[in-house]
Amino acid sequence: MMQSGRANFGSKLGVILATAGSAVGLGNVWRFPYMAGDHGGAAFILIYICCVFLLGIPCMVSEFIIGRHAAANTARAYRSFSGGTLWGFVGYFGVLTGFLIMGYYVVVSGWCLQYVFASLMGHLHGSPEFFTNYFQTFEKDPFKPVLWTVVFMFLTHYIIMHGVREGIEKASKMLMPTLFVLLLVIVVSSCMLPGAGKGISFLFNPDFSAVNGDVFLGALGQAFYSLSIGMGCLCTYASYFSKQTNLMRSAVQISLIDTMVAILAGLMIFPAAFSVGINPDSGPSLVFITLPNVFQQAFSGVPIVGYIVALAFYGLLALAALTSLISLHEVSTAFIHEEFHTTRKRAALIVTLSSSVIGAVCSLSLGKWDGLQICGRSLFDIFDFFTGQIMLPIGGFLTCLFVGWYLPHKMVHDEFTNWGTLRGKFFHIFIFCIKYICPVCILLIFLHQFGLI
Ligand code: PFF
């Protein structure tokens, strides 16, 4: 049931762009392309798409069902169906996961801003060692990364403060198209380089011999993270959907956009890297060390193009991070706003300030406070590991069981079919996936990452 007077998205496009904004993030750019290239190219992409359809979309629809039906923040949404049982905790767990992810995600987002600034000022050129030193010195600096972390958090705050329609929806409608334009500019520039064909075939050449169990599980985990499943973002956004929103169709559209951006990210990175004979890697070193060097070398004939491509790339990365961070922020803001009966603005400020502190500590744990370690890992790595490898799969697993086995079938069917106004021809497939396929797959990923299978 919708609570009257509760904020909601004003249009279908708003729903798609805001939710796709949550999904499209750093994960699309720094992990997917490398995994695809290194694990069988087109073969990996095919497996990934199967994972998105079999695991990603059913999990996404499940979160949509819970969120839209309850029209409340994630904690209240789960609690409202749990009848006082322990299931109520799954929602709180989701809110906590979202909050903790924000703590380290904002640090990397801040790095993107620094690189936007550096490329704008023309600071990003030098020898390959220059780029390594530049990043390592910056990352360990006690002041700059913290400053950018806080700046990014307040940028997110500014959007959240304006509410769901005037803030999140309006921003997504501006940021997402800009992101696509930047992406296309870079893809075209990269694919036109001499020798770009080798990069394209590295990405798309199907090599089924490279496919093994690890690749399947890697693809599953990536699908999960990339679609922002398991930490309350989708549930919170769905609480702002209208009763007319077709949940299944929206999930398919959002997943296709997310996958397309991931593949285009590959087309932006590999052709340029191969044209200058550099082997791309993944993660922060790809984005902040390898790529600035690639762009510089690839466009050395026309430095102005190199300048524009680097600027466009970091701009794109910052936008992708921002739209994901908005969704993470909203999970906690909606929670505090509704559970503690405080104004939305105050709730947003509490989230911004506390995340800024966590972000600052995570950032400092990479440099000045590098003694701050748990089990030999920096706080930053602990946050990343704990949320991504442990909390997300647990949250996703419990959500599947909740929707597949606990919630009344009729309620799930009603939400899926918009109270019988849609045919719901995929309902049985959805239920089968959410009851059996998804929990088993998530369990496999979970056990695999601890080397238990
Ligand atoms: N889906 C985002 C990405 O691919 O970068 C990451 C993410 C965003 C994960 C929001 C979780 C989340 F709640």
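Remember, it's 1-based here, ligands and their atoms both numbered in the order they're listed. The figures here come from the full heavy-atom set of this structure, side chains too, leaving out hydrogens, waters and symmetry mates.
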Taking the six-membered ring for Trp and the single ring otherwise, decide whether the centroids of [X] and [Y] are under 6.0 Å apart.
| X | Y | value |
| --- | --- | --- |
| Y406 | F402 | yes |
| F81 | W87 | no |
| F202 | F274 | yes |

4.5 Å side-chain heavy-atom contact, Y48 and F53: no
Close side-chain approach of F44 and V211, heavy atoms under 4.5 Å: no
Evaluation steps, ring pair (Phe, Tyr, Trp, His ring centres under 6.0 Å), between Y314 and F117: CA-CA 9 Å; Y314 291 109; F117 180 70; over 10 Å; no
Considering both backbone and side-chain atoms of [X], is one of its nitrogen or oxygen atoms within less than 3.5 Å of a nitrogen or oxygen in ligand 1?
| X | result |
| --- | --- |
| C233 | no |
| S226 | yes |
| I101 | no |
| Y225 | yes |
| V24 | no |

N73 side chain to S332 backbone, donor-acceptor under 3.5 Å: no
Side-chain donor or acceptor of N28 paired with backbone N/O of D258 under 3.5 Å: yes
Please list, in number order, the atoms of ligand 1 under 4.0 Å from a heavy atom of [X].
| X | result |
| --- | --- |
| A23 | 1 (N), 2 (C), 3 (C), 4 (O) |
| L328 | 10 (C), 12 (C), 13 (F) |
| S22 | 1 (N), 2 (C), 8 (C) |
| N28 | 4 (O) |
| Y105 | 2 (C), 3 (C), 5 (O), 6 (C) |

Non-hydrogen atom of G98 closer than 4.0 Å to ligand 1: no
Nearest neighbour in protein (non-hydrogen) for atom 7 (C) of ligand 1: S228 OG, 3.8 Å
Selected option - heavy-atom contact closest to atom 13 (F) of ligand 1, from M102, H329, R31, M231: M231
Cation over ring face, R377 and F385, 6.0 Å, 45°: yes
